[in-house]
There are 2 protein chains.
Amino acid sequence: MQKLFKYFKEFNPLSKEAENAITEISDIVTIKKNKDLQPIGHTCKTIYFINKGVARIYYYKDGIDITESFSFENNIIARVESLFTGKPSRKAIQILEDAEVVAINANQLFKLYDTFPEIERLFRKIFEAAYVETVNRIEGMQFHSAEERYNALLNEAPNVLMKVPLKYVASYLGITQVSLSRIRGHR
Amino acid sequence: MQKLFKYFKEFNPLSKEAENAITEISDIVTIKKNKDLQPIGHTCKTIYFINKGVARIYYYKDGIDITESFSFENNIIARVESLFTGKPSRKAIQILEDAEVVAINANQLFKLYDTFPEIERLFRKIFEAAYVETVNRIEGMQFHSAEERYNALLNEAPNVLMKVPLKYVASYLGITQVSLSRIRGHR
DNA sequence: CTATTCCTTTAACATAAGATAAATAATCAG
DNA sequence: CTGATTATTTATCTTATGTTAAAGGAATAG
């Protein structure tokens, strides 16, 4: 849990009691490459923190596997469209590299918000930051060619391209695998 | 302020004291069509609620005007990439139809979070919902043709197409005005 | 009301990305 | 280690969207 609390500290430092309360509602889970940490169709009731490994959120559109996002070590991953609405998620979380994650029970966490305003504030800030990232991503998608998007990714998150199969990267960029391959063979 | 508090109630009902505290840090502003409510380059220090009228957030990419989002009556509008980071915004808020808005001072609001956890919770929920919308929008952009995106907008938010100049809609959809025109003359 | 400006459409052409198929290359199970 | 599966690249052809230009309509200022 050490890395998790260090991560939290960047957003909103917690009291020892608050940290203990979070520890109580969390589990450490290890999971192998290519396994789904969370399946499609279930309502998201867990927020994960990645101690080690790589994960992605994906879904199917017209039968085609599409990557919504990637997450790496020292980051949170959750299917917010389900977590914040209580509706079943059409998305799954898949592990792309053998992982150890902290699984935080979301319903119990939300209850902690009542007794620990500092925890509510912490997660408010975490998701505000995630929201900003998402808004910035829309900007990137709005008027860039696939090649520009690829180059931007190469700059901003080279680890994505080092650690993730390209077919997953292609759909993340909103293009086909074949197009990505063409772009990589530059031109 | 009535409409605003009614809107708030959908997310998290407030005590009378909390409502009064928000009233104290808010102003009613009327502003004419085509005026900028907030200019590019300023750090966002205000959260707006639209009592009446239409607005959009826009920015320039390579000198071209791009619409990030639209907001209508009974909704919040804010440049979150600036509001939540404290950095100057590269975006502006423009009024597209004569408007009356409630301007909530963000710094003072954030101070209220300390004395009124219910207000912090309210805005947490408001922005969580906005975050979910943004995530869903990415999904819409990831693997739909321009025509599909246009038709989806036509279904989900026909008022956008009724009330907003098409050139602004085009960049919102991530296409040129000419392409939008072609799509509208179907195929 | 009129003239000017701005918005939208239409047309012709250029180009980036999709689809399909097939050839390599890499990974994995036994 | 080997065969089988899976991932990536390459090639060809098609199509959607961008670009530029020009014309027609709508809105606005004076």
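Below, chains carry the letters A, B, ... as their sequence lines are ordered, and counting in each starts from 1.
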Problem - DNA chain C contacts among residues 155-167 of chain B, heavy-atom distance under 4.0 Å - result: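 Those residues whose heavy atoms fall under 4.0 Å from DNA chain C, taken from residues 155-167 of chain B in numerical order, are Pro165(B), Leu166(B), Lys167(B).
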
Exercise for the section: Indicate, with a heavy-atom threshold strictly under 4.0 Å, whether Ser145(A) touches base, sugar-phosphate, or nothing. Expected result: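 Sugar-phosphate, backbone atoms only, no base.
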
Practice task
Determine which pairs satisfy side chain to side chain donor-acceptor pair (under 3.5 Å) with at least one residue from residues 117-126 of chain A, sequence neighbours left out, and list them in order.
Solution key: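 Passing the test, one end in residues 117-126 of chain A: Ser15(A)-Glu118(A), Glu120(A)-Arg121(B), Glu120(A)-Arg124(B), Arg121(A)-Asp114(B), Arg121(A)-Glu120(B), Arg124(A)-Glu128(A), Arg124(A)-Glu120(B).
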
Tell me the interatomic distance from [X], atom [atom1], to [N], atom [atom2], rounded to whole angstroms.
X: Asp98(B); N: dT28(D); atom1: CG; atom2: C1'; answer: 14 Å
X: Asp65(A); N: dT6(D); atom1: CG; atom2: P; answer: 14 Å
X: Ile183(B); N: dG18(D); atom1: CD1; atom2: C1'; answer: 12 Å
X: Asp62(B); N: dG18(D); atom1: CG; atom2: P; answer: 14 Å

Nearest 0.5 Å please: distance from the [atom1] atom of [X] over to the [atom2] atom of [Y].
X: Lys32(A); Y: Glu97(A); atom1: NZ; atom2: CD; value: 12.0 Å
X: Leu173(B); Y: Leu153(B); atom1: CG; atom2: CG; value: 5.5 Å
X: Lys9(B); Y: Leu14(B); atom1: NZ; atom2: CG; value: 9.5 Å

Handout entry: Sole candidate of Glu73(A), Glu100(A), Glu10(A) that passes salt bridge (Lys or Arg N to Asp or Glu O under 4.0 Å) when paired with Lys3(A)
Key =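 The residue from Glu73(A), Glu100(A), Glu10(A) that satisfies salt bridge (Lys or Arg N to Asp or Glu O under 4.0 Å) with Lys3(A) turns out to be Glu73(A).
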
Fill in the blank from the handout: For nucleotides 18-30 of chain C, 5' to 3', base contacts (B), sugar-phosphate-only contacts (S) and non-contacts (-) with protein non-hydrogen atoms under 4.0 Å give BSB-------S--

